[in-house]
Number of protein chains: 2
Amino acid sequence: MARAATTSDAFNAVAEPRRRQILLYLAHDERQVGEIVTAIGLDQPSVSKHLGVLRSVNLVRVRRNGRHRLYRTNAAAIRPLHEWTETFEQYWRHQLNRVKERAEAQANPKPLAK
Amino acid sequence: MARAATTSDAFNAVAEPRRRQILLYLAHDERQVGEIVTAIGLDQPSVSKHLGVLRSVNLVRVRRNGRHRLYRTNAAAIRPLHEWTETFEQYWRHQLNRVKERAEAQANPKPLAK
DNA sequence: TTGACATATTCCCATATGAGAATGTATTGT
DNA sequence: ACAATACATTCTCATATGGGAATATGTCAA
């Protein structure tokens, strides 16, 4: 089997840096494709293709307005990623505590028991 | 340009479901490769290759013990992903509030001003 | 030393990628 | 109807993928 399609889920879609950039750009309010093109600095077909990927996993919503298409990030679709990473939070906290404790022990050594 | 390498950053490494599975499995404590193989249900070379990818982006740490290698998730490396997703939290909250408000308005309509 | 065991690496292959270039498709104004 | 505008789609290509199979590397035990 080859690598999973970028369109297979949000994890794969978001692996591409330009798509993350686009999602940030479209998070606050909707923009038409031309605006994205100038903001991101890619050519129009590339942007359209990235938008296609994002659409296919519901990371963006589109609305037509005359000859424009207004895109906007669908933040809810990012939630599963947030939740997955969150399951590791307790572990990195743990790691940080251990580092901190070692630093404190170094600075202020506990006397050995007699 | 082709798709970015899976080894290029945590986002790409984590796009693969089996690697996410491995990271969860190794989050709590260290395990040798053989254990991962039986736990995940992939053959050994595949697991080793996934571990290689995870190693290359520092998502796991290895320790040698005799002829075993003990792997463990390096949770700190997941933090950037968590933080990226977190920037969208305010937006999905917003969306959810709007949905809730509409539902309440529907159930309990506000009387029109006279 | 010789196996046996644990893991890593290499080779093969079907498949998907992202960018660029070119072209297709709606929609609007005149 | 026509040209212009705004996007989307198609094509080509170099490149990387993940799994399977086979093989290499390293470490221990006898």
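Note that these values count all heavy atoms, side chains included, but never hydrogens, waters or copies made by symmetry. Residue numbering restarts at 1 for every chain, and letters A, B, ... go by the order of the sequence lines. Please read these numbers as outputs of a predicted model, since none were measured by experiment.
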Report, one line per pair, each donor and acceptor closer than 3.5 Å where one atom sits in a side chain of residues 31-40 of chain A; sequence neighbours left out.
unit_1, atom_1, unit_2, atom_2, d
Gln32(A), NE2, His68(A), NE2, 3.3
Glu35(A), OE1, Gln32(A), N, 2.9
Thr38(A), OG1, Glu35(A), O, 3.1

Numerically ordered, the residues 2-31 of chain B set in heavy-atom contact under 4.0 Å with DNA chain C is Ala2(B), Arg3(B)
Check: With no angle test and no hydrogens, is the base of dA19(C) tied to the side chain of Lys49(A) by a donor-acceptor pair under 3.5 Å?
Finding: yes
List the steps, then state whether side chain to side chain donor-acceptor pair (under 3.5 Å) holds for Asn12(B) with Arg3(A). CA-CA 11 Å; Asn12(B) 279 280; Arg3(A) 195 169 176 182; 3.1 Å; yes
Whole-Å distance, Arg63(B) CZ to dT7(C) C1', equals 16 Å
Ranking Leu51(B) and Pro45(A) by the position along DNA chain C of their nearest nucleotide, the one closer to 5' is Leu51(B)
Hits for side chain to side chain contact (heavy atoms under 4.5 Å, CB included) against Thr87(B), two or more places apart or cross-chain, chain-then-number order -> Leu24(A)
The first and last nucleotides of DNA chain D lying within contact of chain A, meaning any atom under 4.0 Å from one of its heavy atoms, run from dA4(D) to dG19(D)
- Tyr71(B) side chain near dA8(C) phosphate (N/O to OP1/OP2, under 4.0 Å): yes
Here the distance between atom C1' of dT27(C) and atom CD of Gln32(A), to the nearest Å, is 14 Å
Practice problem: Give the ring-plane orientation class for His82(A) versus His82(B), where under 30° counts as parallel, over 60° as perpendicular and anything between as tilted. | Solution: parallel
Sequence neighbours excluded, the answer for salt bridge (charged side-chain N to carboxylate O under 4.0 Å, His left out) partners of Arg63(A) is Glu30(A)
Tightest non-hydrogen contact, residues Leu59(A) and Ala13(A), listed as CD1-CB, 3.9 Å
Side-chain contact check for Asp43(A): nearest option of dT9(C), dG20(C), dA4(C) is dG20(C)
Here the distance between atom P of dA8(C) and atom CG of Leu70(B), to the nearest Å, is 11 Å
The reported gap from CD in Gln44(A) to CG in Leu51(A) (rounded to nearest 0.5 angstrom) is 9.5 Å
Taking for Arg69(A) and for His50(A) the nucleotide of DNA chain C with the nearest heavy atom, the one nearer the 5' end belongs to His50(A)
Result for 5'-nearest mapping on DNA chain D, choosing between Val47(A) and Arg67(A), is Arg67(A)
Residues passing the side chain to side chain contact (heavy atoms under 4.5 Å, CB included) test with Arg20(A), sequence neighbours excluded, are Val14(A), Pro17(A), Asp9(B), Phe11(B), Trp84(B)
**OP:** Apply side chain to side chain donor-acceptor pair (under 3.5 Å) to the pair His50(B) and Arg19(B), showing each step before the final yes or no.
**Re:** CA-CA 6 Å; His50(B) 283 310; Arg19(B) 286 197 284 268; 3.1 Å; yes
Here the distance between atom P of dG24(C) and atom CD of Gln44(A), to the nearest Å, is 15 Å
